[in-house]
Amino acid sequence: MKNTPSTQDKGQISKLRNSILYELKYSLGVTLSTASSSDIFSALALVVRRSQTDDYFLTRERHHQARKKRIYYISMEFLIGQSLRNNLINQGLMETAKVALESLGVDFEVIVKSEEDAALGNGGLGRLAACFIDSMATLDIAGSGHGIKYEYGLFHQQIQDGQQVEKPDDWHSAHSPWLIEHQSQAMIIPLYGRIVEVEDQQGNYNPMWMDWKIIIGVPHDYLVSGYNNHTVNSLRLYSACASDSFDIHIFNHGDYLNAVNQKIASENISKVLYPSDEVLAGKELRLTQEYFLVACTLRDVMHDFFLLSNDLNQLPEFVAIQLNDTHPALAIVELMRILVDEHTVDWDIAWDLTQRVCAYTNHTLMPEALEKWSVKLFELLLPRHLQIIYEINRRFLLEIHRWRPERADLLASMSLIEETPEKKVRMAYLAIIGSHKVNGVAKLHSELIKSNLVPDFYHLMPEKFTNQTNGVTPRRWIQQANPRLSAFLDCHVGQEWVTDLTLLTKLKSLANERDVIAELAEIKKFNKIKLSQIITRQQGIIINPEAMFDCQIKRIHEYKRQLLNILYVINLYLKILNGRGAVSPKVHIFSGKAAPGYAMAKLIIQLINQVALKVNNDPRVNEQLKVVFLEDYKVSLAENIIPAADLSEQISTAGTEASGTSNMKLAMNGALTIGTLDGANIEIRDAVGHENFYVFGLSAEQIAEKRAKGRSSYDEYLSNTELKETVDSLISGVFHADKALFSPIFHMLVSHGDHYFHLADFDSYCHAQYQALTDYSDTYSWHKRALNTISGMGEFSSDRTIRGYSKDIWGEDNFK
Ligand code: 26Q
């Protein structure tokens, strides 16, 4: 930090200070002496937004003049978190703002921390979208995010008696200083209605979609600053409201209450984010949300395109649409409808254009998580879209027949329509055939898509399938979350690491410098003390910052195996009691939310909390072992946990985690990993060196083999006495007076086949854990390995990922 501000700096400081006072007075109607922290936050945010707005118009104009292709990243989720620190840094206003607030007698950190997280996402998929728009702006790509402005984000989690309780997240979006509402750009979205089969004047079949109801979509722009480059893009979030004309018909009949109810129904569309990941909800409102997002986005796409060209054949030159999973896959159908129905483009040409514009990213391997929507629901909500899907399918089935005439079975297995008693549209198949590229999010995942998930599609169109390994933005996940590590990197590799993370390899040559290792150790210690204070404040638990911090932070899901982690903790607890104890002190930190309807995941949370209660209050062990479940996991909490982690738990059953991204965030902040050969773990292990990664467990291939052969988890349970002792403790009453409480977990493991192989991997996991803990007691060599880990993480920046999308999927023109 600069000590004495220059005259120019002084000028900027006083300008910013005056701007804050101006916003306080004229936008918020308060004076400095009556302003709350939240008022000051809003005032500063409005000032930052002004600076972003100037850059935004310049960026749009510049991109327009250069006739750049525009990228539309459509996602049902954008998990942004807090924005003030990010936007101050990216706009180059950080130091000025700090001093300006100081001069007003305001504590900068208090203001920054008072910002509520924008939690418009569940987990990895939503956070990835947020990292991607950051990288697009930083790389000066003309790319915007498109999502829904949910009134309620992901629920707040409270832990009561060890159990998860959900509370609504009213993030007061109406008052968010970051969102600019554009009423004047409101758009009309038709829904419901019926098809009338008519012919046009030339006698061509020209179906008409009639009697629809209308929803109004109102765009809100959240400005996305690139790092220090004056590029500002936007994230457009649409909210739904009722149209007056929609109501007027009913009003005229005097049915006031009915009219008001319909208005409420329309506004419900953007009311709440569905809180489940991986599990399907199948609800009408969700499908309506998905269509609403797609329809609003495509209106913007067409509007922007016509500013550049009137020739629809040029659409793929100027437009790329990236589908974040199948959730926005209806974009394919909506684009076909616009081209064929509204612009009378010939079907074949429209289909070719649509495929060249759209690309689909898959995020899951679990067949049960693939989206399917009932045909009946489609008929009701989107009758014209269903017709278009049928026509796409009819032509596709002809193609399959030409390809493999002898394989009649393929016509059923590859059809867009699943012919179960309740007919369903298979959204992943629609997304695959309507796109020119389909990508997985880590190498293993992309291979498994081809070999296991949709092998027939792969064989029919092998050139479509590619990989783009995920990445995370180093701006948020190192620079903002870990300022001390950031300063360390500035000093040892140069400030350019922020936009060129591969520079981290320069650290390799410092691995034998004792001073450097000591410096890194000090940074970790500082971050651990800070996290310990948060833990003590939240839970009253005292943590020893010298202990190893072992962190598993992610959505709670059986396949992610938080249960394996807590079984290990139980085993360790029992061992310490028997005098066969730990090597050095350790804290297991968990954080994450379970889908409200996912009973097993919620029970696992309760188990973790009960084990924590027992262990933390048992003086025989609590010097050596502590267990913490931090409630209400969110981006801002992650930013506090990640810099303090020594060990990163990435222990999903091999072949189930598409990529993982917390694995990347933790490793680039110097945590060593304990993990399975799953998702991006494999690439991380190769990048950081096998000696810095505690690998364990069955491989994806072995898991698949065992699944195919069939096995008995009961035999696994009997075959290992330590394991049996551990699992038996679930129903012995050690962790809860009600012995039956955790019996569903016991039975899932022992009697119901243990679908995620906790028991099969237990032994191998315990050995890896033992090794990690043993190694940790050699502090110097641990931190040396932490340094080597960081130095290998350069390729996991989302900048690298976005360059990959740009080159392989969107066309290289973007970098011109
Ligand atoms: C679908 C239909 C109805 C309601 C909800 C959903 C839904 C919502 C969210 C389905 C899935 C999700 C989220 C999935 C997700 O976060 N997947 C993760 O994506 C990350 C980014 O690629 C990967 O790193 C993770 O491995 C993957 O689990």
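Given the structure is predicted, the values throughout are model-derived calculations rather than measurements. Read the numbers this way: they start at 1 and go in the same order the structure lists the ligands and their atoms.
Separation of the H557 and Y598 ring centroids falls under the 6.0 Å cut-off. A ring-centre distance under 6.0 Å is found for H588 and Y568. In summary, the aromatic rings of H385 and Y291 are positioned with their centroids under 6.0 Å apart.
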Open item on the list: Show, in sequence, the C-alpha distance, side-chain angles and deciding distance for S806 and I809, and conclude whether the side-chain contact (heavy atoms from CB on, under 4.5 Å) test is met.
Closed with: CA-CA 6 Å; S806 196; I809 302 177; over 6 Å; no

Task: Full working for side chain to side chain donor-acceptor pair (under 3.5 Å) between Y150 and S239 - done: CA-CA 7 Å; Y150 300 107; S239 70; over 6 Å; no

- [ ] In sequence, state the C-alpha distance, the side-chain angles, and the governing distance for E334 and R337, and then conclude on salt bridge (charged side-chain N to carboxylate O under 4.0 Å, His left out).
- [x] CA-CA 5 Å; E334 177 71 355; R337 188 192 66 75; 3.0 Å; yes

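For the pair R800 (side chain) and T469 (backbone), a donor-acceptor distance under 3.5 Å is present.
Contacts between R286 and ligand 1, counted as non-hydrogen atom pairs separated by less than 4.0 Å, involve the side chain only. Looking at V441 against ligand 1, only its side chain comes within 4.0 Å, counting heavy atoms. Residue contacts with ligand 1, taken as heavy atom pairs separated by less than 4.0 Å, do not involve M76 at all. Residue-level proximity to ligand 1 for N470 is carried by the side chain, the only part with a heavy atom below 4.0 angstrom. Counting heavy atoms under 4.0 Å from ligand 1, residue R555 does not touch it at all.
Checked against a 3.5 angstrom limit, the closest N/O atoms of L128 and ligand 1 fall outside it. For ligand 1, the polar-atom distance check against E657 finds a nitrogen or oxygen pair separated by under 3.5 Å. The shortest N or O to N or O distance between Y559 and ligand 1 is below 3.5 Å. Among the atoms of K560, none of the N or O lies under 3.5 angstrom from an N or O of ligand 1.
Set against the non-hydrogen atoms of A658, the atoms of ligand 1 under 4.0 Å away are 26 (O). Listed by number with element, the atoms of ligand 1 under 4.0 angstrom from any heavy atom of G660 are 23 (C), 24 (O), 25 (C), 26 (O). Near S276, with a cut-off below 4.0 Å to any heavy atom, the atoms of ligand 1 are 4 (C), 5 (C), 6 (C), 7 (C), 8 (C), 9 (C). Near H363, with a cut-off below 4.0 Å to any heavy atom, the atoms of ligand 1 are 19 (O), 21 (C), 22 (O), 27 (C). Per-residue contacts place E371 under 4.0 angstrom from the following atoms of ligand 1 (heavy atoms of the residue considered): 2 (C).
Residue W373 places no heavy atom under 4.0 Å from ligand 1. The closest approach between a heavy atom of G679 and any atom of ligand 1 is not below 4.0 Å. Contact analysis puts E77 in contact with ligand 1, with a non-hydrogen atom separation below 4.0 angstrom.
Counted by atom type alone, Q157 and Y633 present zero donor-acceptor pairs between their side chains at under 3.5 Å. For T361 and N324, the side-chain atoms include no donor-acceptor pair closer than 3.5 Å.
Using a 4.0 Å cut-off between a side-chain N of Lys or Arg and a carboxylate O of Asp or Glu, K634 and D632 qualify as a salt bridge. Between R475 and D799, at least one side-chain N (NZ, or NE/NH1/NH2) sits under 4.0 Å from a carboxylate O, which counts as a salt bridge.
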